[in-house]
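These notes are about the structure you will find just below.
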Amino acid sequence: MAEPLLDRALRAGRRLRPNGEPRAHYVICGQDPLAYWVVRALRGGETQAKRLRITLIVPERRRSPGPDGRDLPGVEVIRADRLDEITFRRAGLTGAEGLALLHQDDVGNMHAALCAQEVEPRLRLVVRMFNTGLANGVRQIFPDSAVLSDTSMAAPAFVAAALGEVAPTHFRHGGRTLYVARSDDVRPNDIVCGVADTRDPQQVLVLPARDRDADVVLAEAVGRPAGAELAARRMARARRRRRPVAMVLRAIRSFASRKIGIAVILLLAVVGVLGGLYANAAHVNLADAVYLALVTTLTGQDPDTAKGAAEQIMQVVLNLAGLALIPLITAVVVDGVVNARLALHTGRILPERSGHVVVVGLGNIGTRVMAQLNDFGLEVVAIDKNRDARGAGLARRLGVPLVVGDAAQEETLRAASVATCQALVVVSTDDGANLRAALNGRAINDQLRVVLRLFDGDFAERVQRAFGIGTSRSVSYLAAPSFAAALLDRAVIATIPVGRHALLVTEVAVAAGSALDGQPLATVNKAGSVRLLAHARAGQRYDWTPERRRVIVAGDRLTVMARRAGLNALLRKAAPPEPETPPNAPEPREATE
């Protein structure tokens, strides 16, 4: 476990801050919504915002459509396109408590970390990384560091939403393995506490006062599959067999382009009409009329002046039509061969499927979602505009079909059999394209379960209400609490996403003289905010069913599940009393930009 919060706080208090700054200073570097949500998580309520000084380093120009934190009040903003020693000194990194490097560039974050170490060697470092191999190297170079991946944190929530289940959160603490599941999927004796009441999607109630009011619970694992795994097994059993006839029909439909198909149909209609007129002029039966029309159109016929004028005119016109039909047939063949090869290469000629999951966007989050769904034994079809996307190689190794095309187009979605899939998970990096793909998917199948990624958390919530889309999530919103907790050196045991809420499971140490010292355990629980899971005396094991009247003493450890605001309030109550501010201490500075 990380260094206890109390020891960290004491060590931080002893550190000499520049200019007698009474507030703990944290520097955050980022350029996307993750930086925005981390700053908001750090600031917490009004009280905590006054206790912290936050400096945000952003590029000169905004590089993403979503918020990046530069417009938040009370935050010092430094604009710089390069993270080097000069930039860090401008940001006042000397004497700072922690630095968060949140750019989507693993190597760039590593370089910035090395530069930061030259400015402040005792720095608490939190780094965002996708490459786990590089993450291990960072931990070796910087012992007091945390390397986190926002995509790995958020992927289980997207997977669970696609399966129509709660997030498959599993963690081990105090000798128990705990997981989140539907109350109907676990035995009553295995339930540790209620997590949320999600029966009304428009008004999710987290941490209800009574466990029986919750349909999502925290339970102890006893060797039985739970939550999303059960849903995955049900979906895998419900899959239907592929239909080869449908695959042949789809291949025929993709043989020629739409324009050439229309031209062929119109020309054949003209030939049919002229053939009928020819047969009427020649006074022959239907079979002979078809024969004469085809021969005259395709090969011509020897002229015969003995024929009537009407028959001669029809023969000439049919010959002219034949001049157009023959090159058109050649164009159909050439175009069909080219289209068929392209369709096979891009995955557009795929067997009809049902009961599968379609994943749009094979970036960081899409790759992890695809891999986890595949691990559950589910059939997955991927869509991406780029055949060389980050997750394309993994898709090939896993045998996941990849449709190369724009998911916002109905044709691309139909190629992935969206009409018969179980769920559509749209996780590309373009909010507009994601929304169009989700709406087109719902138009194809109005019963489709859609899981939509949107960078702007507020926009995601509004879209979910306005369009009736089952789940809209923001990766940054889900991951930000863990990044903020790591920056404050809090030992976050697990993060549990529930709807638009993110609950943190963490351990809180009670300091001597704190507001909690001497209070009963019952004071820890706050409905809708904080729930006590376990209690442990110093040097003793965890008690998972503590007596609520037991008195809290200094050195106790409280394992709680809480919302961010509730956790911040609890940490203030568990912290040692604040030292009196020296008379000559400067007033907290306001934001400079």
Side-chain angles (χ1 to χ4, degrees), residues 12 15-44 48-129 138 142 144-148 150 455-456 476 479-480 483-484 486-489 586-593:
R15 181 180 294 181
L16 181 62
R17 299 189 178 111
N19 303 321
E21 171 64 62
R23 298 174 295 172
H25 184 202
Y26 294 93
V27 179
I28 300 172
C29 306
Q31 60 184 27
D32 61 17
L34 180 60
Y36 170 82
W37 287 111
V38 169
V39 171
R40 287 196 55 175
L42 276 176
R43 289 171 58 82
Q48 177 164 320
K50 294 180 179 179
R51 298 159 65 107
L52 300 179
R53 175 189 167 199
I54 299 176
T55 300
L56 179 63
I57 303 178
V58 295
E60 287 286 350
R61 296 183 178 180
R62 198 184 296 268
R63 299 182 181 177
S64 66
D68 60 5
R70 70 179 72 200
D71 300 323
L72 287 173
V75 177
E76 301 178 26
V77 178
I78 301 294
R79 291 179 171 84
D81 290 326
R82 180 178 175 82
L83 296 178
D84 52 19
E85 295 180 36
I86 298 176
T87 301
F88 287 134
R89 293 187 189 281
R90 283 177 54 205
L93 191 64
T94 304
E97 302 293 338
L99 169 67
L101 299 171
L102 307 180
H103 290 282
Q104 296 186 32
D105 180 359
D106 289 357
V107 176
N109 286 340
M110 172 74 87
H111 177 264
L114 293 171
C115 293
Q117 193 180 43
E118 296 294 327
V119 178
E120 178 52 74
R122 298 175 298 172
L123 195 65
R124 169 67 176 172
L125 191 63
V126 176
V127 186
R128 174 192 197 179
M129 282 200 170
V138 173
F142 309 102
D144 190 11
S145 65
V147 182
L148 305 176
D150 54 330
F455 280 85
D456 189 330
S476 303
F483 278 86
L487 193 59
L488 296 171
D489 205 9
E587 293 293 329
R589 293 180 297 172
E590 297 295 330
T592 58
E593 297 190 49

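The shortest side-chain heavy-atom distance between M110 and M129 falls under the 4.5 Å cut-off. Within the 4.5 Å cutoff, the side chain of I54 has heavy atoms near those of the I28 side chain. Taking the side chain as every heavy atom from C-beta outward, R124 and E97 never approach each other to under 4.5 Å. With contacts defined as side-chain heavy-atom distances shorter than 4.5 Å, the pair L125/D144 does not qualify. The closest side-chain heavy-atom distance from C29 to H103 is below 4.5 Å. E76 is not listed as a side-chain neighbour of I57, based on a closest heavy-atom distance of 4.5 Å or more. By the 4.5 Å heavy-atom criterion applied to side chains, L52 and R23 are not counted as neighbours. The closest side-chain heavy-atom distance from R70 to R79 is below 4.5 Å.
Taking every heavy atom of both residues into account, G30 and P59 meet most closely at O-CD, 3.9 Å. Minimum interatomic distance between S476 and L34 (heavy atoms only, all atoms of both residues): OG-N, 3.3 Å. Of all heavy-atom pairs spanning A41 and A480, the tightest one is CB-O, 4.4 Å. The two residues R53 and A91 have their closest heavy-atom pair at NH2-O, 4.3 Å. Here the shortest heavy-atom pairing between A96 and V27 reads CB-CG2, 4.5 Å. Smallest separation of non-hydrogen atoms from L487 and Y26: O-CE2, 3.5 Å.
Side-chain atoms of E60 never come within 3.5 Å of backbone atoms of D81 as a donor-acceptor pair (strictly under, hydrogens ignored).
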Margin query: Under the criterion side-chain contact (heavy atoms from CB on, under 4.5 Å), I'd like the reasoning laid out for L42 against F483: C-alpha separation, chi angles, the key distance, then a yes or no.
Written below: CA-CA 9 Å; L42 276 176; F483 278 86; over 6 Å; no

Margin query: Quick one, V75 with V39, criterion side-chain contact (heavy atoms from CB on, under 4.5 Å). Give me CA distance, side-chain angles, the key distance, then yes/no.
Written below: CA-CA 9 Å; V75 177; V39 171; 3.8 Å; yes

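A salt bridge is absent between D105 and R128; no separation between the charged side-chain nitrogens and carboxylate oxygens falls under 4.0 Å.
Distance check: T94 OG1 to R122 CZ gives 10.0 Å after rounding to the nearest 0.5 Å. Taken to the nearest 0.5 Å, the CZ atom of R62 stands 11.5 Å off from the CD atom of Q31. Atom CD1 of I78 and atom OG1 of T55 lie 6.5 Å apart (nearest 0.5 Å).
Looking at residues two or more places apart in sequence or on another chain, you find a side chain to side chain contact (heavy atoms under 4.5 Å, CB included) between A116 and F88, L93, L99, L123. Residues that satisfy the salt bridge (charged side-chain N to carboxylate O under 4.0 Å, His left out) test with D84, not counting sequence neighbours, are R82. Under the rule for a side chain to side chain contact (heavy atoms under 4.5 Å, CB included), the partners of Y36 that lie at least two apart in sequence or sit in another chain are R40, P67, L72.
By the 6.0 Å contact criterion, CD1 on I86 is open, its count of non-hydrogen atoms from other residues, nucleotides or ligands being 12 or less.
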